[in-house]
Amino acid sequence: MQEAEDTKEERMDRRSFGKNRMLCLLAGGFLFVGFLLCVFLPKAEYSDSERRRLAVLPRLSVEAIVGGQFMEDFESFTVDTFPFREQLRKCKAWTAFHLFRRQDNGGLYDADGSLAAMEYPLRENSLDQAAGQFAAVCEAYLTQENHIYLSVIPDKNCFLARDSGHPSMDYEEFERLIRQKTGFAEYIRISDLLDKDDYYRTDPHWRQEKLADVAKRLLQRMNAQPAASQEYEMRTVRREFYGAYYGQAALPAQPDALRYLTGEDISACTAYDWQNQKAIPVYDRQKAEGKDPYEMFLSGPLSLVTLHHPNARKGRRLVLFRDSFGSALAPLLAEGYEQITLVDIRYIRADVLGELVDFEGCDVLFMYSTLVLNHSEEFKKY
């Protein structure tokens with residue numbers, strides 16, 4: 001009897017050993033296949049969905065190993081080049097939202113079909129830094145002949161976050177603080193003209209076709225409104241627009257339609273890119289078919305661009321300190337100015353502007369989104 005029981009136990013041990021060995025072989029085979037895929041599959045250099053360059057295999061050196069930099073860079077490389085990475089990102093996002101019921105995935109969330117990135121909390125020290133940067137520009141280049149204005153573009157969290165239960169800044173307090181810190185400029189409020197439908201569902205930017213009332217208020221307050229208001233014709237880019245948040249969130253979402261406004265004044269305008277020393281179109285239709293279609297507006301993130309309108313009132317000039325939101329707005333301001341110079345001090349140091357921009361007698365508008373003002377470390381140091 002004891003011999004039979006021992007035999008039964010031995011049989012159970014052999015079965016358990018066989019199962020464990022099979023699991024080990026499967027796990028080892030999975031890791032080995034994954035290793036082969038990592039080594040031999042072609043490596044992408046750019047992620048279209050995330051709109052960023054992927055990490056590359058770091059150089060092996062004694063200094064990098066001793067300092068720990070090699071392993072840090074190698075970890076970034078393996079994460080960025082892991083096989084089936086895009087599919088796994090989508091699986092993670094679906095799991096986070098639908099299985100674990102998380103409110104966001106890496107800071108991105110979906111509110112009624114509109115994707116947004118959480119922007120919280122309000123960073124008053126960043127507003128101090130931005131206000132100081134603007135004040136330094138005014139002190140260095142402007143005189144009493146210049147009319148100075150300031151306007152803040154709310155990001156779409158202003159209209160989505162609270163109703164969807166996500167953390168939100170106090171946007172009224174944000175505007176109050178920036179006005180308080182920039183007493184040298186006349187404030188032009190535009191937040192009351194905007195709502196969630198004025199922004200793309202899959203991108204942080206606003207829709208140009210929704211900005212006619214914003215442009216009109218700015219021109220009126222800057223006393224640049226022409227006698228006859230421009231009538232616009234709206235056109236639509238054929239390609240569906242999947243914005244920056246679509247790929248970053250890895251969530252399913254309906255694409256946007258990319259539309260732009262044209263008319264007699266805008267058609268008469270010419271633009272020049274001083275960064276690359278070349279003429280550019282007001283609306284670059286080739287970029288509308290590229291990786292970031294929003295770059296069709298004045299060719300995207302450029303440090304210094306001049307927009308010239310030959311039919312506007314002679315002598316009226318505007319210097320617009322702006323971020324990417326300003327690229328879509330500037331053509332709508334052209335009817336009031338013979339020349340608009342767009343400056344982005346995230347890409348050009350303010351202390352060299354005197355050599356590049358004529359500030360004499362012009363209007364100056366500082367117009368940035370809350371996304372930039374709340375992270376003003378992006379500005380080049382003066």
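Along the sequence shown, residues are numbered consecutively beginning with 1.
Using a 4.5 Å cut-off on side-chain heavy atoms (C-beta onward), Leu307 and Gln339 make no contact. In this structure the side chain of Arg221 never reaches within 4.5 angstrom of the side chain of Arg189, judged on heavy atoms. Residues Tyr246 and Arg201 are not in side-chain contact: their nearest non-hydrogen atoms beyond the backbone lie 4.5 Å or more apart. You'll find the side chain of Pro167 reaches within 4.5 Å of the side chain of Met118, heavy atoms only. Residues Leu332 and Leu219 have side chains not in contact (no heavy-atom distance under 4.5 Å, counting atoms from C-beta outward). Side-chain contact check for Phe297 versus Pro331: every heavy-atom pair is 4.5 Å or farther apart. In this structure, the side chains of Tyr109 and Leu115 stay at 4.5 Å or more apart for every pair of heavy atoms. A 4.5 Å side-chain heavy-atom check between Val319 and Leu365 finds every atom pair outside the cut-off.
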Original post:
Yes or no on side chain to side chain contact (heavy atoms under 4.5 Å, CB included) for Arg176 and Gln180, after CA distance, side-chain angles and deciding distance?
Top reply: CA-CA 6 Å; Arg176 187 192 70 80; Gln180 181 185 78; 3.4 Å; yes
**OP:** Using the side chain to side chain contact (heavy atoms under 4.5 Å, CB included) rule, take Tyr260 and Glu209 through it: C-alpha gap first, then chi angles, then the decisive distance, then the call.
**Re:** CA-CA 6 Å; Tyr260 60 99; Glu209 71 271 19; over 6 Å; no
Original post:
Going through the checks in order, is the side chain to side chain contact (heavy atoms under 4.5 Å, CB included) test met by Ile148 and Cys138?
Top reply: CA-CA 8 Å; Ile148 307 169; Cys138 293; 3.9 Å; yes
Original post:
What's the verdict on ring-ring contact (aromatic ring centres under 6.0 Å, His included) for Tyr368 and Phe379, showing C-alpha distance, side-chain angles and the deciding distance?
Top reply: CA-CA 11 Å; Tyr368 284 91; Phe379 292 151; 5.1 Å; yes
**OP:** Let me see the working for Leu150 and Met367 under side chain to side chain contact (heavy atoms under 4.5 Å, CB included), right down to the final yes or no.
**Re:** CA-CA 6 Å; Leu150 172 73; Met367 190 170 194; over 6 Å; no
Subject >> Glu233 and Arg235: CA distance, side-chain angles, deciding distance, salt bridge (Lys or Arg N to Asp or Glu O under 4.0 Å) verdict >> reply: CA-CA 7 Å; Glu233 176 187 349; Arg235 298 181 181 176; 3.4 Å; yes
Original post:
Does the ring-ring contact (aromatic ring centres under 6.0 Å, His included) test come out yes or no for His205 and Tyr200, once each step is laid out?
Top reply: CA-CA 6 Å; His205 294 104; Tyr200 297 110; 7.6 Å; no
Original post:
side chain to side chain donor-acceptor pair (under 3.5 Å) between Ser191 and Glu175: does it pass, once the steps are laid out?
Top reply: CA-CA 9 Å; Ser191 56; Glu175 288 193 69; 2.8 Å; yes
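With hydrogens and angles left out, the side-chain atoms of Asp128 and Asn125 include no donor and acceptor closer than 3.5 Å. Neither side chain, Asp104 nor His166, offers a donor N or O lying under 3.5 Å from an acceptor on the other. Side chains of Tyr141 and Glu360: a donor-acceptor N/O pair is absent below 3.5 angstrom, by distance only. Counted by atom type alone, Asp155 and Tyr199 present zero donor-acceptor pairs between their side chains at under 3.5 Å. No donor-acceptor contact under 3.5 angstrom links the side chains of Asp344 and Ser303, judged on distance only.
Heavy-atom neighbours of Glu264 CD from other residues, nucleotides or ligands within 6.0 Å: at or below the threshold of 12. Within 6.0 Å of the CD atom in Glu289, the count of heavy atoms belonging to other residues, nucleotides or ligands exceeds 12. Within 6.0 Å of the OH atom in Tyr120, the count of heavy atoms belonging to other residues, nucleotides or ligands does not exceed 12.
For the atom pair CG of Leu373 and NE2 of His375, the computed distance is 10.0 Å after rounding to the nearest 0.5 Å. Atom CG of Asn157 sits about 7.5 Å away from atom CG of Leu371, to the nearest 0.5 Å. Here OG of Ser327 is found 12.0 Å from CG of Asp284. Values are rounded to the nearest 0.5 Å. Separation of atoms CD (Glu377) and CZ (Arg346) is listed at 12.0 Å; rounding is to 0.5 Å. Atom CZ of Phe321 and atom CZ of Phe134 lie 9.0 Å apart (nearest 0.5 Å).
Side-chain N or O atoms of Arg239 include one that pairs as donor or acceptor with a backbone N or O of Gly290 at under 3.5 Å. Here the side chain of Asn374 pairs a donor or acceptor atom with the backbone of Pro121 at under 3.5 angstrom. Using a distance-only test at 3.5 Å, with no hydrogens or angles considered, no donor-acceptor pair links the side chain of Gln275 to the main chain of Ile348. Thr182 places no side-chain N or O within 3.5 Å of a backbone atom of Phe184 that could act as its donor or acceptor partner. Between the side chain of His309 and the backbone N or O of Ala334 there is at least one donor-acceptor pair closer than 3.5 Å. Side-chain atoms of Glu338 come within 3.5 Å of backbone atoms of Gly315 as a donor-acceptor pair (strictly under, hydrogens ignored). Remark: the backbone N or O of Leu127 is not paired with any side-chain donor or acceptor of Ser376 at under 3.5 angstrom. With Tyr272 contributing its side chain and Gln277 its backbone, the two residues share a donor-acceptor pair below 3.5 Å. Remark: side-chain polar atoms of Asp273 are paired, donor with acceptor, to backbone N or O of Asn276 under 3.5 angstrom. Remark: the backbone N or O of Leu160 is not paired with any side-chain donor or acceptor of Asp163 at under 3.5 angstrom.
For the side chain to side chain donor-acceptor pair (under 3.5 Å) criterion with Asp363, the lone passing option out of Arg316, His147, Arg317 is Arg316. Of the residues listed (Asp197, Asp256, Asp195), the one engaging Arg207 in a salt bridge (Lys or Arg N to Asp or Glu O under 4.0 Å) is Asp256, and it is the only one.
Ion pairing between Arg217 and Asp192 holds under the 4.0 Å rule for side-chain N and carboxylate O. Ion pairing between a basic and an acidic side chain is recognised when a charged N comes within 4.0 Å of a carboxylate O; Lys181 and Glu124 show such pairing. Between Glu119 and Lys156 there is no salt bridge, since none of the side-chain N atoms of the basic residue sits less than 4.0 Å from a carboxylate O of the acidic one.
The same ILVMFWY cluster, assembled from side-chain heavy atoms under 4.5 Å apart, contains both Leu356 and Val343.
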